[in-house]
Amino acid sequence: MEKEQQELYEYARKRIKQKKNLYYHFVFFLIGSLFMFVANELLEFGMPNIWYPWAITVWFFLLILHFIKVYITDRFMNKNWEREQIERLVNRQERKLQQLRSKIDEQEPKQ
């Protein structure tokens, strides 16, 4: 039981770290977007081109991918899902091996 508790703790710690990193990413996105707006519009950095909407859009897309990874992909494809997939594949391989053994046994000449 202690091993299961340790695994649960490690999984919870990993999820909290992922969520914390996502929140940091969101805060940096907001601050960075504001900085890019100020740099381009008020400080006229990179003028006459208006580049900040493109940079913010690309960064927002990356933030959405990060969100999907944390809240959708990793939520459903966790350790339990991984264990179930491994068990399913191992069972499938064992069934195939059993079928091959039974075929070999059938084909062996009886003495």
Side-chain angles (χ1 to χ4, degrees):
M1 190 65 159
E2 208 170 285
K3 184 179 179 182
E4 288 179 22
Q5 290 286 39
Q6 182 66 24
E7 285 181 4
L8 290 173
Y9 173 78
E10 288 298 322
Y11 175 72
R13 194 170 65 81
K14 178 184 168 194
R15 292 289 295 154
I16 289 170
K17 186 176 179 181
Q18 285 178 330
K19 289 178 182 181
K20 186 171 96 173
N21 288 338
L22 178 63
Y23 298 146
Y24 281 140
H25 189 176
F26 179 70
V27 170
F28 287 135
F29 168 73
L30 293 177
I31 293 170
S33 298
L34 180 64
F35 175 75
M36 286 187 278
F37 171 78
V38 168
N40 193 221
E41 289 292 325
L42 302 178
L43 301 177
E44 297 181 356
F45 180 78
M47 287 308 258
N49 298 325
I50 300 177
W51 53 266
Y52 74 91
W54 293 105
I56 291 172
T57 302
V58 169
W59 196 353
F60 182 71
F61 178 72
L62 294 173
L63 181 66
I64 294 297
L65 289 178
H66 192 173
F67 176 85
I68 289 170
K69 180 183 183 320
V70 171
Y71 281 102
I72 296 174
T73 307
D74 285 354
R75 183 174 179 191
F76 295 111
M77 294 183 182
N78 56 22
K79 287 284 186 189
N80 292 333
W81 178 85
E82 193 174 314
R83 264 190 228 117
E84 289 172 5
Q85 294 299 314
I86 289 171
E87 286 177 19
R88 200 173 100 217
L89 289 174
V90 166
N91 289 337
R92 185 182 299 165
Q93 289 172 346
E94 286 175 350
R95 277 195 309 261
K96 285 184 180 181
L97 282 174
Q98 187 62 32
Q99 288 173 351
L100 288 173
R101 285 183 187 132
S102 64
K103 268 187 176 178
I104 290 172
D105 289 344
E106 288 174 3
Q107 290 178 355
E108 272 185 7
K110 296 188 179 186
Q111 296 175 346

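These numbers come from the heavy atoms of this one structure, side chains and all, not from hydrogens, waters or symmetry mates.
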Checklist line | Partners passing side-chain contact (heavy atoms from CB on, under 4.5 Å) against I64 (at least two apart in sequence or in another chain) | finding: F60, I68
Next item on the list: Just grab all the side-chain hydrogen bond (donor to acceptor under 3.5 Å, both in side chains) pairs involving residues 35-63, residues at least two apart or on different chains.
Entry: H25-W59
Checklist line | Residue pairs, two or more places apart or on separate chains, that pass side-chain hydrogen bond (donor to acceptor under 3.5 Å, both in side chains) and touch residues 86-97 | finding: Q85-R88
Check: For R83, what residues pass the salt bridge (charged side-chain N to carboxylate O under 4.0 Å, His left out) criterion, not counting sequence neighbours?
Finding: E7
Margin query: Please give me the minimum heavy-atom distance between I56 and F29, naming the atom from each residue.
Written below: O-CE1, 3.7 Å
Note to self: Which residues pass the ring pair (Phe, Tyr, Trp, His ring centres under 6.0 Å) test with F28, not counting sequence neighbours?
What the structure shows: none
Margin query: Please enumerate all residues that pass ring pair (Phe, Tyr, Trp, His ring centres under 6.0 Å) together with Y71, with sequence neighbours excluded.
Written below: F67
Notebook entry, point to check: Considering residues at least two apart in sequence or located in another chain, which fulfil the side-chain hydrogen bond (donor to acceptor under 3.5 Å, both in side chains) criterion with D74?
Noted result: Q18, K69
Next item on the list: Considering only Ile, Leu, Val, Met, Phe, Trp and Tyr, and joining two whenever side-chain heavy atoms are under 4.5 Å apart, list the other residues clustered with V27.
Entry: I31
Note to self: Apply the hydrophobic cluster definition, ILVMFWY joined by side-chain contacts under 4.5 Å directly or through others, and give me every member besides V90.
What the structure shows: I86
Next item on the list: Please list all pairs passing the salt bridge (Lys or Arg N to Asp or Glu O under 4.0 Å) test where one or both residues lie in residues 9-23, with sequence neighbours left out.
Entry: E10-R13
Check: Below 4.5 Å, heavy atoms only, C-beta onward: do N21 and Y24 meet side chain to side chain?
Finding: yes
Notebook entry, point to check: Hey, any chance M36 and L42 share a hydrophobic cluster, counting ILVMFWY side chains that come within less than 4.5 Å of each other, even indirectly?
Noted result: yes
Notebook entry, point to check: Does one hydrophobic cluster hold both L63 and L30, with members joined at side-chain heavy-atom distances below 4.5 Å?
Noted result: yes
Next item on the list: Flag yes if more than 12 heavy atoms outside F26 fall under 6.0 Å of its CZ atom; otherwise flag no.
Entry: no
